[in-house]
Amino acid sequence: MISPITRGCRLRRSRIAALGSYLPEKILSNADLEAMVDTSDAWITERTGIKERRIAGEGQATSDLAYEASRVALARAGIDAADIEMIIVATITGDMPFPSTACFLQNKLGAVRAVGFDINATCSGFLYALYIADGLIRANVHDKILVVGAEVLSKVTDWQDRSTCVLFGDGAGAAVVEATYEDRGLLSISINSDGSMWELINIPGGGSRNPVSPETIRERMHYIRMKGNETFKVAVRTLEDVALKMLADNGLASSQISLLIPHQANLRIIQATAERLNLPMEKVFVNLERYGNTSAASIPIALDEAVRSGRVREGDYLLLEAFGGGLTWAAALMKW
Ligand code: UT7
């Protein structure tokens with residue numbers, strides 16, 4: 001437990017000073033997928049809401065996407081890369097098993113004073129990273145932290161498995177998180193895990209449990225596997241619980257939320273959560289029709305688009321929430 005730091009009677013907390021996002025140029029549409037696996041635009045649209053997703057170029061790795069998003073975020077914040085003290089990259093598709101993608105990103109940005117590390121919390125990764133950044137800022141350890149969610153999921157997608165390959169996309173989002181004594185910023189954040197349900201979504205091969213071998217490759221164990229329908233049900237229940245608890249803990253009614261920024265996995269999951277929170281869909285930001293599920297990148301990309309499109313005004317209460325493999329889930333409440 002960190003003791004609150006104050007200036008006068010004002011509490012030290014973290015706030016997102018600026019955001020940036022990057023989506024690769026190549027678009028893969030549902031029509032393109034119809035030519036690859038036994039699926040249809042109608043099925044994908046009805047079951048997921050996704051129409052198209054972005055695919056990284058041949059030579060593009062996760063740190064390349066992270067770099068593009070980060071340099072925009074830094075420019076918008078008006079700060080130099082050398083002023084960043086820490087870089088946290090949330091990803092499950094790092095450039096290499098090691099070194100960390102954050103180290104590659106630090107080098108590309110020239111963030112010479114920053115310490116960098118990655119965290120793996122699948123689709124909840126950005127909020128996990130924000131939790132770490134917020135704690136370190138509140139504790140007065142750091143003032144400026146770059147928090148990034150970046151994924152090249154197309155490289156771990158089984159393009160022969162119609163139940164998963166229609167879902168995912170590539171992208172990156174970055175946030176410059178800094179200390180503030182103003183009456184706004186990150187008010188509350190909750191992160192959660194339950195490892196007993198790890199089998200619902202995973203990549204079974206390539207780690208120390210099932211090291212890469214001709215057999216793991218033959219069995220396609222280096223690709224994402226998901227029990228979609230079971231995951232769907234747990235996601236809806238968990239997201240409702242974590243969001244309602246976040247509101248109750250902060251004494252807010254859902255009617256006070258200006259915008260819900262959910263992880264962009266499935267439109268039906270998003271609609272079910274909104275309904276359970278009694279939020280009309282006009283108060284929910286959705287962009288999955290264009291990008292699919294970009295895992296750790298989905299929330300910072302969505303938040304960046306929401307801010308840029310004028311959907312977020314100063315003083316608005318924003319609720320962010322995510323769910324993913326692990327299982328992991330998280331929610332955050334911000335006053336913009
Ligand atoms: O990122 C965070 C974690 N991930 C999620 O939150 C994803 C959660 N799950 C989902 O979004 C949904 O479960 C899916 C979109 C993955 C699947 O939707 P569903 O309504 O749960 O479908 P289902 O898995 O129960 O499959 C229904 C049918 C099956 O056929 P039968 O057995 O009824 O004949 C599937 O084989 O749909 C079939 N199917 C497809 N058909 C056409 C599965 N994938 C496809 C496809 N095209 N791409």
Side-chain angles (χ1 to χ4, degrees), residues 28-53 90-93 120-128 149-154 156-171 173 191-195 197-203 223-243 260-274 276 284 286-289 291-302 320-331:
L28 185 73
S29 69
N30 289 351
D32 296 328
L33 281 161
E34 285 176 352
M36 294 162 66
V37 286
D38 180 15
T39 192
S40 64
D41 173 45
W43 191 95
I44 302 169
T45 306
E46 187 191 314
R47 300 287 177 127
T48 73
I50 300 165
K51 298 298 277 182
E52 57 187 44
R53 64 289 292 145
T91 187
I92 52 165
T93 51
N120 172 342
T122 63
C123 307
S124 312
F126 181 79
L127 293 184
Y128 268 59
E151 303 283 11
V152 179
L153 293 170
S154 58
V156 294
T157 295
D158 186 344
W159 294 105
Q160 294 177 14
D161 176 7
R162 70 175 182 172
S163 71
T164 55
C165 74
V166 301
L167 304 174
F168 302 111
D170 301 336
I191 61 171
N192 309 271
S193 316
D194 182 352
M197 286 187 276
W198 69 270
E199 278 181 296
L200 291 185
I201 328 175
N202 54 66
I203 296 178
Y223 294 131
I224 298 171
R225 290 185 182 176
M226 180 169 71
K227 294 179 181 167
N229 198 266
E230 286 172 60
T231 307
F232 186 101
K233 290 174 194 155
V234 185
V236 171
R237 179 166 39 81
T238 311
L239 287 169
E240 177 191 6
D241 291 350
V242 76
L260 173 69
I261 315 252
H263 167 52
Q264 309 282 316
N266 184 312
L267 184 59
R268 289 184 297 141
I269 295 179
I270 294 173
Q271 286 167 334
T273 314
R276 280 152 201 240
V284 182
V286 178
N287 64 4
L288 59 68
E289 70 283 0
Y291 307 139
N293 178 349
T294 57
S295 188
S298 87
I299 287 189
I301 293 171
L320 286 56
E321 55 162 31
F323 175 90
L327 297 179
T328 62
W329 62 100

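For the single chain, residues carry numbers from 1 onward in sequence order. Ligands are counted one by one from 1 in listed order, and the atoms in each one are counted from 1 as well. In this text the structure is predicted, and so the values were computed from the model without any measurement.
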Worksheet item: Pairs in or reaching into residues 35-51: which pass salt bridge (Lys or Arg N to Asp or Glu O under 4.0 Å), with residues at least two apart or in two chains?
Response: D38-R162, D41-K51
Discussion item. Let's go through T93 and E151 carefully: what are the C-alpha distance in whole Å and the side-chain angles of both, what is the deciding distance for side chain to side chain donor-acceptor pair (under 3.5 Å) to 0.1 Å, and is it a yes or a no?
Written reply: CA-CA 6 Å; T93 51; E151 303 283 11; 2.6 Å; yes
Worksheet item: What distance separates N293 CG from L167 CG, expressed to the nearest 0.5 Å?
Response: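 Between N293 CG and L167 CG, I get 7.0 Å after rounding to 0.5 Å.
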Fill in: Atom pair CG/OH of N120 and Y128 - distance to nearest 0.5 Å
10.0 Å
Worksheet entry | Residues in contact with ligand 1, criterion: heavy atom under 4.0 Å |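 Heavy-atom contacts below 4.0 Å: D38, T39, W43, R47, T48, C123, R162, S163, V166, L167, I201, M226, G228, N229, T231, F232, H263, A265, N266, R268, I269, N293, F323.
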Worksheet item: For S29 and E52, does a side-chain donor sit closer than 3.5 Å to a side-chain acceptor?
Response: no
Worksheet item: What closest approach, in Å, do D170 and S154 show between heavy atoms, and which atom pair accounts for it?
Response: OD2-OG, 2.6 Å
